Amino acid sequence: MDKNVEGTHLKEELTLLLHDDYSGLSTEETLVISTAKELHQFFLKVNRIRKPGLPIPIIDFSKETVLIYCAGEKGQQILPKLSITDITEEEIVITSYLEEKPKKTVSDAIISPFSIYKIPFTQKKIIFQKNR
């Protein structure tokens, strides 16, 4: 799925920071976070019923951008993932997909999993597409 553009391994530019089973969002959503305030607002939702809450990653927003993929409410154990599939002079295309987690126990619980990634700061437009 990952391409090699201009000698750069794109997979190395997208770094997974955190994933968890509760985002607080009921619908599927992808977010581009470019400020500490936006990241803090997301974690307010995630941590509203957690004690203690998940720690907020420390990001230098002058050098990095955060991408969050929330899968929405699901009845199965899945891991929401992002992958860079193309880079042009104007844009970065990122594909979202769901990967099944190995089943540990049977549960009827509804989860809302999310994954948080960082990429180097860019002025390029970030475009999300779904891989179905």
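Owing to the predicted nature of the structure, the values given are computational and were not obtained by experimental measurement. Numbering starts at 1 and runs along the sequence shown. The basis for the numbers below is simple: all heavy atoms, side chains too, and nothing from hydrogens, waters or symmetry mates.
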query: K81 and H19: side-chain contact (heavy atoms from CB on, under 4.5 Å), yes or no, with the steps?
result: CA-CA 9 Å; K81 290 195 158 191; H19 64 84; over 6 Å; no
- prompt: Once you round to the nearest 0.5 Å, how far does CG of L67 lie from CZ of F128?
  reply: 4.5 Å
message: Just to verify, what does L17 make a side chain to side chain contact (heavy atoms under 4.5 Å, CB included) with, not counting sequence neighbours?
response: P57, I59, I116, K118
statement: Rounded to the nearest 0.5 Å, the CD atom of E100 sits from the CG atom of L98 at a distance of 9.5 Å
Test item: T122 and I92 side chains (from C-beta on) under 4.5 Å apart, heavy atoms: yes
field: Within-4.5 Å side-chain heavy-atom neighbours: I94 and I126
entry: yes
message: The criterion is ring pair (Phe, Tyr, Trp, His ring centres under 6.0 Å); which residues satisfy it with F42, sequence neighbours excluded?
response: F114
message: What's the separation between atom SG in C70 and atom CG in L25, rounded to the nearest 0.5 Å?
response: 4.5 Å
statement: Heavy atoms of P113 and K74 approach each other most closely as CD-CG, 4.2 Å
- prompt: Is it true that the side chains of S26 and E73 contain a donor and an acceptor less than 3.5 Å apart?
  reply: no
query: Got a sec, which pairs hit side chain to side chain donor-acceptor pair (under 3.5 Å) with one end in residues 30-43, sequence neighbours left out?
result: S34-E38, T35-E38
message: Can you tell whether the side chains of E89 and K124 come within less than 4.0 Å, N to carboxylate O?
response: no
task: Answer whether the closest heavy-atom distance between the side chains of I127 and Q129 falls below 4.5 Å.
output: no
- line: Contacts of Y117 meeting side-chain hydrogen bond (donor to acceptor under 3.5 Å, both in side chains) (sequence neighbours excluded), chain-then-number -> none
message: Quick check for you: to the nearest 0.5 Å, what is the distance between I68 atom CD1 and L31 atom CG?
response: 5.5 Å
- prompt: How long is the span from the OG1 atom in T95 to the CG atom in N131, to the nearest 0.5 Å?
  reply: 6.0 Å
- request: State which residues pass side-chain hydrogen bond (donor to acceptor under 3.5 Å, both in side chains) with T27; sequence neighbours excluded, sorted by chain then number.
  value: none
Closest approach of V66 to L39 (non-hydrogen atoms, all atoms of both residues): CG1-CD1, 4.3 Å
field: Nearest-0.5 Å distance, NZ of residue K63 to CZ of residue F121
entry: 13.0 Å
- prompt: Is Y97 close to L82 at the side-chain level, that is, under 4.5 Å between some pair of heavy atoms?
  reply: no
- prompt: Taking side chain as C-beta onward, heavy atoms only, is I78 less than 4.5 Å from P80?
  reply: yes
query: Which is it for I87 and V93 under the side-chain contact (heavy atoms from CB on, under 4.5 Å) test, yes or no, and what are the steps along the way?
result: CA-CA 6 Å; I87 295 180; V93 178; over 6 Å; no
task: Keeping the roles fixed (side chain from S115, backbone from Y69), state whether a donor-acceptor pair exists under 3.5 Å.
output: no
query: Who pairs with N47 by side chain to side chain contact (heavy atoms under 4.5 Å, CB included), at least two apart in sequence or on another chain?
result: F43, R50, L54
